[in-house]
Enquirer: 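Sending over a structure as structure tokens; questions will come in a sec.
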Amino acid sequence: MKFKNRMLSNFKMTQYLKKASPYYLKINLILAVVGSVGNVFQILYYQKFVDFVVYKTPKLLEIAVWFLAYHTFCNAVKIFGYWVTYKFNELEKVKICRYYKELVYSKSVNNKLEYYNSEGYQDTLYNAIYNEGTNLFSFADSLCRLISSVIVFCSAMYLFGRLHIIFVLGIIFIAIKNCVLANKENKISYKIYMRNLEFDRCDTYIYNLFYKKQFARELKMYPVGSYFIEKFKTEKEMRWKGNKKQELQKDMIKFLKGTIDLLIYVLNIVVLVGLLINHKITVGEFTLVLSNFAMLAGYVERIFIFFPEVSNNAYYINNILKLLNSEERDYPKVQHGGENLTGAAEPAYARCDQVSFSYNGKDEIVRDICMELLSGKKIAIVGENGSGKSTFIKLLLGLYAPCKGRLEYFHPDASVETCNELFSTMLQDYKIFPLSILENISADTDSMDTERLEEAICFAGLEKKINALPNGIHTVLTGEFLKGGVSLSGGEQQRLAVARAYAKEKAILILDEPSANLDPIAENELIDKINRIAEGKTVIMVTHNLAYTKNVDMVYFFENGSIVEFGSPKELVLKKGRYEKMLREQIERMAIISGVQ
């Protein structure tokens, strides 16, 4: 990465800082100037004071006045520095962290779902999410340190140059040495950091495996827990073996740095003693060099290390910028005109034209789908497990973009802009969150219509369960955020997911295997409710249970990612193709089960 690009990355991150905290950089620049001027004053004052006491033998009152003036100034600078560092900065860093987390979370939510197929994106996302926002103000802090260091550096060159050139050369040598070694150490640390990202993600997964309730059942039923314990131990050993060489290199750098510092310190003492014996310097100047040499070298080091430091920081910043600048999921636009395949003026809600999709760019999971989803119709998408039904639904929802073909959406209402505004959806792999039942049904509780909410609860068959709970619809699920949270059974969770989809009240209701966890009675009740949904509602049911298709208008039979049959249930039965065969097998299976019972 070119140096220009590294600096540009730091400036880009500073723009986010200004949005998060408009005054952070300004206040810290003031502190940098005040603090550095104060340091120079203290150094000069201490040297003059020592010489004054040694060579002038002043009265005790004069010494007291000097001390009072000195400490008054020092305390004023310290109070301002304390306020900025421990009051202003701490409060602002909380705001910056909050802004950063909100920025990263909102961006990750809006990024394309396809990115999650890339391990590189997962590393980038992990790095960004677990960062606390320190990279937003790291460049600002480095800039403030640079300004402070320049002021002290100019003063040090003047003071030490008057004494002996060797002290100036010594300061510059130590500063350059520290810069070179620190830059080397930073590069090693970054390599270790990037190598550990994969291990860190693995550690986080294993942590969640043993912590999350959703994995507890499988861990008890199958001996997979011991496998992951061994996996954890293996990962730790691999981490150490992979980083061992770099860690030893870092230790050698630290040892070399400490050895050179010790030699320089001894050399300083020898030179200072010689100058003092030969009356080339005063006692105050002797103490000036001995007590402030390392500090002044540190200030000079900040100047030299500024560019390597911000360059090194750019590596971490660019990982975050990759996420912030990544392309967002852009839901397809909805058109507000057009005709359906029959030539009617009422437009279709969705039209698929030769749509295909592949996760890896090679193997097509869905291929050459041609379909028109008409308004006010009940449509069933059926087929065996793994036939591509759920993947097609995610394409239809705009979660994935087709690699071939075209998806078009239509709606007479001009206020509906994207396809995301068309669908209420319950996917097969739905998730229940550690929130209240109300918040699980609708996150936007303020604008939720009470009547619609009650309809959704009744439609899903949850009213008895909710009435029996201690806090009703405000009962919090699981104990993730609140002690005493209630747990729902698998079937109850599925009912809640159905209620969530129904409550959203969009033009098209999509239910993906809506009764997979329900008992036969509850399943039949749900089928009847779906079949009785008010006219004008478009319902798409994705299922391998053909009982749902009894009263639908159109059935699309998927096999190996393609539509192999389509038509009304009656037409497909008469055709005696795959649909009729699958329906007959299910009826026979149910008859056998009923006979056994």
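Just the heavy atoms: all of them, side chains too, but no hydrogens, waters or symmetry mates, feed the values below. One is the number of the first residue; the rest follow in order along the sequence.
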Enquirer: Please list all pairs meeting salt bridge (Lys or Arg N to Asp or Glu O under 4.0 Å) that have one or both residues in residues 136-149, counting only residues at least two apart or in different chains.
Expert: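 Listed once each, the pairs are Arg145-Glu309.
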Enquirer: Centroid separation under 6.0 Å, is that true for the rings of Phe357 and Tyr359?
Expert: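 Ring-ring flag for Tyr359/Phe357: true, centres closer than 6.0 Å.
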Enquirer: Is the distance between the ring centroids of Tyr316 and Tyr190 under 6.0 Å?
Expert: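 Centroid separation for Tyr316 and Tyr190: below 6.0 Å.
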Enquirer: Is any side-chain N of the basic residue among Lys101 and Glu132 closer than 4.0 Å to the acidic one's carboxylate O?
Expert: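 Yes.
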Enquirer: List in chain and number order the residues that pass side-chain contact (heavy atoms from CB on, under 4.5 Å) with Leu256, two or more places apart in sequence or in another chain; answer none if no residue qualifies.
Expert: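 Leu181, Ile260.
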Enquirer: Which class fits the ring pair Tyr24 and Phe88: parallel under 30°, tilted 30 to 60°, perpendicular over 60°?
Expert: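 Plane angle under 30°, so parallel.
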Enquirer: Rounded to the nearest 0.5 Å, how far apart are CD1 of Ile188 and CD of Glu185?
Expert: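 One gets 7.0 Å once the value is rounded to the nearest 0.5 Å.
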Enquirer: Using side-chain hydrogen bond (donor to acceptor under 3.5 Å, both in side chains) as the criterion, list what pairs up with Lys18, not counting sequence neighbours.
Expert: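 If we apply the side-chain hydrogen bond (donor to acceptor under 3.5 Å, both in side chains) test to Lys18, skipping adjacent residues, there are no hits.
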Enquirer: Salt bridge check, Lys394 against Asp429: does any charged N sit closer than 4.0 Å to a carboxylate O?
Expert: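 Here Asp429 pairs with Lys394 in a salt bridge, since their nearest N and O are under 4.0 Å apart.
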Enquirer: Does a side-chain N-to-carboxylate-O contact under 4.0 Å join Lys112 and Asp330?
Expert: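 No.
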Enquirer: Are Arg239 and Asp200 close enough for a salt bridge, meaning some N to O gap below 4.0 Å?
Expert: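 Yes.
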Enquirer: Looking at every heavy atom in both Ile253 and Lys184, which two are closest together, and how far apart are they?
Expert: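 What the structure gives for the nearest pair is CD1-CG, 3.5 Å.
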Enquirer: How close do Gly35 and Val77 get, counting heavy atoms only, and between which atoms?
Expert: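 It is CA-CG1, 4.4 Å.
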Enquirer: Is the backbone N or O of Cys144 less than 3.5 Å from a side-chain atom of Ser148, with the two atoms forming a donor-acceptor pair by type?
Expert: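 Not confirmed, Ser148 side chain does not pair with Cys144 backbone.
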Enquirer: What I want to find out is whether Glu247 reaches Lys244 closely enough, with some N-O distance under 4.0 Å, to be called a salt bridge.
Expert: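 Salt bridge absent between Glu247 and Lys244.
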Enquirer: Using a distance-only test with no angle check, is there a side-chain donor-acceptor pair under 3.5 angstrom linking Asn111 and Ser326?
Expert: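 Yes - a donor-acceptor pair under 3.5 Å links their side chains.
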Enquirer: Is the distance from the ring center of Tyr130 to that of Tyr126 below 6.0 Å?
Expert: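 Under 6.0 Å, so yes.
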Enquirer: Are Phe139 and Phe11, when compared by the centres of their aromatic rings, separated by less than 6.0 Å?
Expert: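 Yes, close enough.
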Enquirer: List the atom of Ala401, the atom of Leu395, and the distance in Å for their closest heavy-atom pair.
Expert: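 Of all heavy-atom pairs spanning Ala401 and Leu395, the closest is C-CD2, 3.9 Å.
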Enquirer: Looking only at heavy atoms, which two atoms of Asn89 and Thr85 are closest? And how far apart?
Expert: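 Taking every non-hydrogen atom into account, CB-O, 3.5 Å.
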Enquirer: Would you check if there is a donor-acceptor pair between the side chains of Glu237 and Thr234 at a distance under 3.5 Å?
Expert: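 Checked: Thr234/Glu237 side chains show no N/O donor-acceptor pair below 3.5 Å.
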Enquirer: Do Arg500 and Tyr430 meet the criterion of a side-chain donor-acceptor pair at a distance under 3.5 Å?
Expert: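 No, no side-chain donor-acceptor pair sits under 3.5 Å.
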Enquirer: Any carboxylate oxygen within less than 4.0 angstrom of a Lys/Arg side-chain nitrogen, looking at Glu421 and Lys506?
Expert: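 Lys506 and Glu421: not salt-bridged.
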Enquirer: Suppose we screen for side-chain hydrogen bond (donor to acceptor under 3.5 Å, both in side chains). Which residues come up paired with Lys250, at least two apart in sequence or across chains?
Expert: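 So Lys250 forms a side-chain hydrogen bond (donor to acceptor under 3.5 Å, both in side chains) with Ser189.
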Enquirer: Going by salt bridge (Lys or Arg N to Asp or Glu O under 4.0 Å), name the pairs with one or both residues in residues 24-40, residues two or more places apart or in two chains.
Expert: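 As it turns out, there is no salt bridge (Lys or Arg N to Asp or Glu O under 4.0 Å) pair with a partner in residues 24-40 once direct neighbours are skipped.
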Enquirer: State whether a side-chain donor-acceptor pair under 3.5 Å links Thr134 with Tyr100.
Expert: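 The criterion, which ignores hydrogens and geometry beyond distance, is not satisfied for Tyr100 and Thr134.
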Enquirer: Just one of Asn318, Asn135, Asn313 clears the side-chain hydrogen bond (donor to acceptor under 3.5 Å, both in side chains) bar with Ser9, so which one?
Expert: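 Exactly one candidate clears the test, Asn318.
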Enquirer: Once side-chain contact (heavy atoms from CB on, under 4.5 Å) is applied, do any residues pair with Glu235, and if so which ones, sequence neighbours excluded?
Expert: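 Glu235 satisfies side-chain contact (heavy atoms from CB on, under 4.5 Å) with Phe199, Cys202, Lys231 once adjacent residues are dropped.
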